[in-house]
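Step one of this worksheet: look at the structure below.
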Amino acid sequence: MGRANDEAAAALEEYADLFAMTGGDAFRVRSYQKAAKAIAGFPEDISGGDVRRVAGVGEAIAKKVEEFLLRGSFRQLDDLRAQVPEGVRAMTRIASLGPKKAVFLFHELGIDSPDALAEAIHQGRLTGVRGFGAKTEENLLKGIEQMRTSGERVHLGVAMGLAERVIASLPAEKIAYAGSLRRMKDTIGDIDILAVGPVSLMETFKEQPYVAEVIASGAHKTSVRTTVGLQVDLRVVPAASWGAAMQYFTGSKEHNVRLREMCVKRGWKLSEYGLFEGDRVIAAETEEEIYAALGMPWVPPPLREDGGEVEAALRGTLPEPVTLADIKGDLHTHTDLTDGIAPLEQMLDAAAARGYAYYAVTDHAPDLVMQRMTLDKALEQRGRLRGLQASYPGMRLLHGTELNIGPDGSVDWPLEVLEGFDVRVASVHSHFTQPRDEMTRRLIAACENPGVQIIGHPTTRKIGKRPPVDADWEAVFAAAGRTCTVMEIDAYPDRADLPSDLIRLARHHGVKFSIDSDAHAVPHLGNLRYGVGLAQRAWLTGEDVVNTWPLDRLLAFFGRA
DNA sequence: GCCGTTTTCGGCCCGACTGTTTTCAGTCG
């Protein structure tokens with residue numbers, strides 16, 4: 001939160017929910033939802049210009065947003081808030097309870113919160129109520145309990161680990177994950193697995209040790225809640241419609257709606273079974289065939305958010321997103337000299353095995369007192385690194401540091417010391433709750449420090465644990481663009497920092513990026529793929545990412561040459 | 001409410017599963 005765009009988007013989403021609950025037209029509901037999403041993803045601050053420039057925002061929504069920007073709400077939202085208590089909206093977050101039932105329960109029985117619903121069920125007040133049998137009551141209680149305990153989304157690393165475990169456990173002819181995981185979203189609500197295989201696959205799935213509860217099971221789909229709380233859906237699909245199923249279940253929903261609209265206009269039908277004209281199959285076996293039939297190249301999953309990718313694909317101007325193979329080096333890593341767990345040589349060996357052309361060791365600097373770093377230790381490490389260079393002929397070893405951005409924006413060492421390091425990352429590690437204006441000044445001061453090249457994990461968020469710091473990101477990114485300060489995309493999956501919406505905003509200001517692992521151990525080097533996913537979601541190309549560049553170009557840029 | 005090689009009106013994606021309303025509505029993705 002903090003950006004006007006996000007706040008306005010949240011207000012429109014709330015309005016869409018309330019509008020739906022009060023019997024509003026479903027197509028209008030969708031208009032509000034689409035506008036909210038478009039505003040949240042718009043690279044410019046909507047408070048600085050005409051919100052009508054945002055696709056999906058017409059006259060009526062623009063008026064609501066303008067009123068919201070003036071006074072933090074708008075009349076129609078106030079009216080609906082007066083009709084529907086906050087707790088009733090919260091009830092729709094209970095699994096299996098949607099807007100219709102929530103509003104029914106409120107009007108007929110006065111139930112106005114998840115807690116009140118649980119109490120009403122225990123008191124037997126739902127017994128005999130039309131549409132609410134014993135099974136429904138049981139499911140609602142379960143849903144309330146689950147919302148109280150493990151209702152949160154998990155970060156990409158947790159979801160990917162579980163998905164890979166599920167895939168390894170099932171003897172299928174063909175099996176893959178789809179959904180938001182394949183689109184590399186930074187948080188995942190559930191996992192979709194598609195498989196080609198015998199019907200017995202479902203039984204095998206249900207018996208796996210990671211299954212805590214079978215939620216639903218049919219011939220085509222089985223849903224389970226796993227022991228880590230995350231839901232996994234397994235769908236068995238015909239081999240002939242593999243591509244259609246992958247396309248369909250990868251989503252996003254909004255991307256698929258766009259494709260279907262195109263199909264309808266041609267008299268075609270696109271479903272998880274294929275692209276059809278009447279009974280004739282136009283394409284079904286591969287995603288490439290389906291996209292080709294619609295006149296566009298295959299769209300990489302992280303771009304499938306209806307954020308302009310369909311139009312770009314049709315025009316042939318789809319960007320070629322940065323890939324893991326483009327990455328030539330890692331510019332933010334640690335060793336056991338500070339809080340890493342692996343010795344220098346192990347980290348270097350692992351980096352060399354990944355085929356990097358360069359690799360920066362960036363242990364912490366003295367101001368992070370608990371790391372017990374000193375300039376002597378850093379210089380000793382530099383000497384070791386220089387000595388080891390001959391053992392890594394294909395990989396240039398860079399000696400770096402991860403500085404601490406103090407509350408006033410200053411860093412650990414003076415410029416003459418900093419200039420001795422090849423790579424200087426500077427990050428916030430404390431005073432996370434500074435007021436917005438102080439935090440903004442702090443980050444801008446770091447950007448303006450000629451000794452700082454990269455701002456590490458800029459928002460410092462930890463998914464599920466720590467919110468992002470509050471700063472005026474427009475101002476910070478403008479300063480970064482002006483000073484050629486690189487913004488890091490920290491690939492560590494619980495950080496995922498910058499998030500992709502802020503990457504887009506930063507790019508808008510001409511900022512370059514560095515996708516780094518922030519590895520504290522050898523396996524962490526592999527987290528880089530998550531950072532690449534974030535970058536792809538923000539439409540970054542290799543040109544935007546400095547650690548896809550050859551070393552001489554990188555160093556010249558760091559010299560602000 | 002938005003939008004336009006169906007352009008100022010008329011359409012806006014599609015299917016599976018569940019529970020319960022004996023023919024379907026609600027929810028979900």
Side-chain angles (χ1 to χ4, degrees), chain A residues 12 15-16 19-21 24-39 51-52 54-65 76 91-105 126 128-140 142-143 178-183 185 188-194 202 214-223 231-237 241 244-245 247-276 294-295 304 306 310-311 314:
Chain A
L12 282 175
Y15 186 63
F19 193 75
M21 295 175 78
D25 174 71
F27 293 115
R28 288 173 64 184
V29 171
R30 210 177 91 184
S31 293
Y32 296 126
Q33 288 168 339
K34 278 173 81 168
K37 199 169 185 301
I39 288 171
V51 69
R52 289 168 186 77
V54 181
V57 176
E59 194 52 36
I61 290 179
K63 280 224 167 64
K64 291 178 177 68
V65 170
Q76 297 87 340
M91 281 161 62
T92 64
R93 290 196 280 272
I94 299 169
S96 79
L97 186 64
K100 293 279 199 306
K101 283 183 176 173
V103 112
F104 174 86
L105 290 168
L126 263 63
V129 175
R130 178 184 161 84
F132 292 85
K135 193 81 185 174
T136 300
E137 289 191 358
E138 195 188 317
N139 287 341
L140 287 174
K142 258 192 223 166
S180 54
L181 185 60
R182 186 165 176 237
R183 301 201 314 278
K185 280 198 74 168
I188 304 293
D190 61 27
I191 295 174
D192 295 295
I193 306 277
L194 302 191
M202 292 299 195
V214 177
I215 298 167
S217 188
H220 305 286
K221 175 188 163 188
T222 296
S223 297
Q231 181 174 325
V232 178
D233 293 349
L234 173 67
R235 294 165 200 275
V236 174
V237 304
S241 53
Q247 197 288 316
Y248 181 88
F249 289 110
T250 295
S252 67
K253 187 179 171 181
E254 291 78 8
H255 174 84
N256 288 353
V257 166
R258 289 300 312 281
L259 297 191
R260 275 153 201 250
E261 283 172 358
M262 291 173 58
C263 293
V264 167
K265 281 176 186 160
R266 297 177 193 200
W268 296 351
K269 188 183 74 169
L270 179 61
S271 76
E272 60 262 54
Y273 297 110
L275 177 58
F276 299 94
L294 292 170
R304 300 183 193 172
D306 191 24
V310 173
E311 292 79 358
L314 288 169

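The basis for the numbers below is simple: all heavy atoms, side chains too, and nothing from hydrogens, waters or symmetry mates. Protein chains get the first letters and strands the later ones, always in sequence-line order, with residue 1 at the start of each.
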Nearest whole angstrom, please: distance from the [atom2] of [N] to the [atom1] of [X].
X	N	atom1	atom2	value
A:Asp233	B:dT18	CG	P	11 Å
A:Lys253	B:dC13	NZ	P	10 Å
A:Lys101	B:dA25	NZ	P	13 Å
A:Leu105	B:dA25	CG	C1'	15 Å
A:Trp268	B:dC13	CH2	P	18 Å
A:Lys221	B:dC28	NZ	P	11 Å
A:Phe27	B:dC2	CZ	C1'	12 Å
A:Asn256	B:dC14	CG	C1'	10 Å

Listed nucleotide nearest any side-chain atom of [X], set [options]:
X	options	answer
A:Tyr273	B:dG1, B:dC13, B:dG15	B:dG15
A:Arg28	B:dC14, B:dG1, B:dA16	B:dG1
A:Ala216	B:dC2, B:dT6, B:dC17	B:dC17
A:Tyr248	B:dG1, B:dG29, B:dT18	B:dG29

*Pick the P atom in B:dC13 and in B:dT18, then give their distance to the nearest Å.*
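Each nucleotide's P atom is 26 Å from the other's.
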*Now, which nucleotide makes the Watson-Crick or G-U wobble pair with B:dT8, with each of the two distances under 3.5 Å?*
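Across any shown strand, B:dT8 pairs with none.
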*Mapping A:Ile61 and A:Ile215 onto DNA chain B by nearest heavy atom, which one lands closer to the 5' end?*
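Nearest nucleotide further toward 5': that of A:Ile61.
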*asked:* By nearest heavy atom, map A:Val257 and A:Lys64 onto DNA chain B; which one lands nearer the 5' end?
replied: A:Lys64
_Within this structure, what is the CD1-NZ distance for the pair A:Ile94 and A:Lys101, rounded to the nearest 0.5 Å?_
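Separation between the atoms: 11.5 Å.
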